[in-house]
Amino acid sequence: MFSILIQPSCNAGGPEGVLFGRNFDLAEFAMGSAGIEPPCDWYASSHIPNSANHWVGENVQALQQPGF
């Protein structure tokens, strides 16, 4: 069983928000890119949404790998 939540503003609410607060098990969303492949820095740890960057960042999965 699953439910679908459509939220018009993905970055609303900071840590309480669905997307940038990482309050999801699985999420699908669209982000624009100038090319076919997304820029690698989208997945850098410096792009993880948090209170220091006012919950703005492309790495909503919070991926972190020192070698990357």
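Under the side-chain contact (heavy atoms from CB on, under 4.5 Å) criterion, Asn59 pairs with His47, Ile48, Gln61, Leu63, not counting sequence neighbours.
The minimum heavy-atom distance linking Ser46 with Asn53 is given by the pair O-ND2, 4.1 Å. Among all heavy-atom pairs drawn from Gly57 and Pro49, the shortest one is O-CG, 3.5 Å.
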